Number of protein chains: 2
Amino acid sequence: MESKHSPKRATIGDVASRAGVSIKTVSRVVNGVMTVNPDLAARVRAAAAELSYRANPAAFALRTGASFRTIGLLIKDLSNDFYATIASAVADVARAHGAQLITAHAGENTADELAVVRDLVSRRLDGLLIVPTSGDHAALAREIDPHIPVVYLDRRPEGINADSVVIDNANGARDAVTTLINDGHVRIAGLFDTLNMPTMRERLAGFREAFAQAGVDHDGRLIVTNLSTPDSAFSATSSMLALESPPTAYFCGNNRSGIGALRALWVHERIDPLVTFDDFELSDLMPRRFSIVKYDKHSIGRLGAELLFRRISGDQHEPQSIVLPTQIEKRGVAK
Amino acid sequence: MESKHSPKRATIGDVASRAGVSIKTVSRVVNGVMTVNPDLAARVRAAAAELSYRANPAAFALRTGASFRTIGLLIKDLSNDFYATIASAVADVARAHGAQLITAHAGENTADELAVVRDLVSRRLDGLLIVPTSGDHAALAREIDPHIPVVYLDRRPEGINADSVVIDNANGARDAVTTLINDGHVRIAGLFDTLNMPTMRERLAGFREAFAQAGVDHDGRLIVTNLSTPDSAFSATSSMLALESPPTAYFCGNNRSGIGALRALWVHERIDPLVTFDDFELSDLMPRRFSIVKYDKHSIGRLGAELLFRRISGDQHEPQSIVLPTQIEKRGVAK
DNA sequence: CTGAAAGCGCTAACAC
DNA sequence: GTGTTAGCGCTTTCAG
């Protein structure tokens, strides 16, 4: 993959001979460092412009040992709003530090993810932000050059000591379910995505903890998992509504199941209370009232990137884990 | 066991002396090129692992003239779904070509955008995808190294001859408004964002063209611009509803204004036909029927990136402009 | 204030 | 099959 467009690129030597000066003078002018005779400087600048000279970053980096001022972000998929928001925040922080951001898709399986990490590492980036897809964080860590700082996002790193920024999933779910229990609900449906995701396991754990703390028994048949789309949550909710004694309230582990459940309730003209993890666009316009467990997606990226740049500039403190709090908020409009 | 705080990075020379071979042998093993005595190869690999050796990409690039296998995407903001979808598609194409993607935010003003372009260009990326923010495309083009292929997205490049992928805005708007006219509507509201955006101007032009083609006069007072949020479109629509003779149908230039107008109609319990440019998440769940002018966001990124990689591999054809068609589709659920 | 020469880490020729 | 040497484009001593 070599870009061969037009003739050849001008080097510093070409500029020097065209300007009738030495290479070093060009270097000085280009880098704007040290004083240079204004006459010569002007000649150099003219020559550089005529040849549309651009410094070779590889040569610069090789000689000076400087980095490419680039960090990497490994996420599942940029088309997902959750990851896009994180990437946006990271890109802003990177820019503020004079760096750019490479966003890499982790792909579907662990092997792909490892290959991408390898690629990223081979580029000698200044640092890496990772939202782990595979469960094997140690395998990931093994790929990573010890010289490259890494911050893990959204999943607590397992088996390795590293910086991370995570959401307080268990407590967020527990608090939400507790509000339902306090309102007298016992038959509370729990709709979750696949438990392969650590975040989902934590939310389910919080769900159960709420009952344990309240000393209330919960009917395990009201828990459904592997709901990865609004449609599957719609079906699951519809099925539950057909039960002899249907749930009287709903807790959803993420916005996709929340949206599906909301739609089912709406279609069946039920107004049972529902609380779902995650906010989503237009949640305010949903045609019924419900609650969400909200957190600051943007902060995941921002704080993670700030942690990373602190490491990049030499911070040697013990790795820390930032846990982002959740809030319960009302959404939807009463019709 | 290697130290986690190795002060310096191992070079090929370190590996060579540790393995007791020459530098060249290490190079061969590392690059997997040419046959090497298995014994030596094993020794080299062991030494490389012990020193956790990683090739220096700057030295490699400098020596071989190879690129960093990186393309750039300049967009306004990754937190916007439109751009995130494009970025996602581009990232996938890049990956398929063994490259990674730097996504850069253009910032608020033209100066920022130029600075970012300069940064990107100075990195000698293999190619650049640009969604221009400022109107001055020529100024952008002037910053760009002639060796770097560029593809413009979503806005037709003005004053320069370059590849581009754009949406058929004018025809999409015209067709949509024509359906309303054909249904007998004359007092059709037109809600648009700022006309500083070329896309918005094209959609407004299409709006007007529909009337011209139908030979119908349109009341210009029903056109509102500078609607950048759902809230402002909500207000604008509410005001129109209070007119002596309110509009009987609505056309919205993007999903922001569409959402605001829908909400206003819903609140005021009106069921006048509405068609808006852009799809949006949950459009299927909106509590009333309406139509959208849809196009394939993903294709903007995918086709643009494919065009770019064709240039990168040496395609010298005349620049081409791909115009993506639009479709009118039904959305929302009848209550 | 400017120039000549050395060398960053690596690979491409060419020797052995 | 393996080692030696030169040099990619640049910055950095160190002289002039």
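Chain letters run A, B, ... following the sequence lines, proteins first, then strands; residues in each count from 1. Remember, it's a predicted structure, so these values are computed and weren't measured experimentally.
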With sequence neighbours left out, write down each residue that passes salt bridge (Lys or Arg N to Asp or Glu O under 4.0 Å) with A/Asp81, or none if nothing qualifies. A/Lys297
Not counting sequence neighbours, list each pair that qualifies as a ring pair (Phe, Tyr, Trp, His ring centres under 6.0 Å) and has a residue in residues 85-105 of chain A. A/His97-A/Phe309
May I have all residue pairs that pass ring pair (Phe, Tyr, Trp, His ring centres under 6.0 Å) and include part of residues 53-86 of chain A, sequence neighbours excluded? A/Phe68-B/Phe68
I'd like to check the side chain to side chain contact (heavy atoms under 4.5 Å, CB included) partners of B/Leu324; sequence neighbours left out, ordered by chain and number. B/Val165, B/Ser299, B/Ile300, B/Leu303, B/Ile322
Between B/Pro38 and A/Val26, who's closer to the 5' end of DNA chain D by nearest nucleotide? B/Pro38
With sequence neighbours excluded, tell me which residues meet side chain to side chain contact (heavy atoms under 4.5 Å, CB included) with A/Ala138. A/Asp136, A/Arg142
Show every salt bridge (Lys or Arg N to Asp or Glu O under 4.0 Å) that has at least one partner inside residues 63-76 of chain A, sequence neighbours left out. A/Arg69-B/Asp119
Partners of B/Arg310 by salt bridge (Lys or Arg N to Asp or Glu O under 4.0 Å), sequence neighbours excluded? none
Whether the side chain of A/Arg54 engages the backbone of B/Arg123 through a donor-acceptor N/O pair (distance < 3.5 Å, no angle test) should be reported. no
Should B/Thr25 be listed as having a side-chain N or O under 4.0 Å from OP1 or OP2 of D/dG3? yes
What pairs of nitrogen or oxygen atoms, one from the protein and one from nucleotides 14-16 of chain C, lie under 3.5 Å apart?
none

Just how large is the angle between the end axes of the helix from C/dC1-D/dG16 to C/dC16-D/dG1, five pairs per end, to 10 degrees? 40°
Produce the list of close N/O pairs, under 3.5 Å, pairing protein atoms with atoms of nucleotides 7-10 of chain C; give distances to one decimal.
| residue | atom | partner | partner atom | Å |
| --- | --- | --- | --- | --- |
| C/dG7 | N2 | A/Arg63 | NE | 3.4 |
| C/dG7 | N2 | A/Arg63 | NH1 | 2.9 |
| C/dG7 | N3 | A/Arg63 | NH1 | 3.2 |
| C/dC8 | O2 | A/Arg63 | N | 3.4 |
| C/dC10 | OP1 | B/Tyr53 | OH | 2.6 |
| C/dC10 | OP1 | B/Asn56 | N | 3.2 |
| C/dC10 | OP2 | B/Ile12 | N | 2.4 |

Euclidean distance, atom CG of residue B/Asn37 to atom C1' of D/dG1 [Å, nearest integer]: 8 Å
With A/Asp126, which residues qualify under side-chain hydrogen bond (donor to acceptor under 3.5 Å, both in side chains), at least two apart? A/Ser67
Taking only residues two or more places apart in sequence, or in another chain, which ones meet B/Arg45 in a side-chain hydrogen bond (donor to acceptor under 3.5 Å, both in side chains)? none
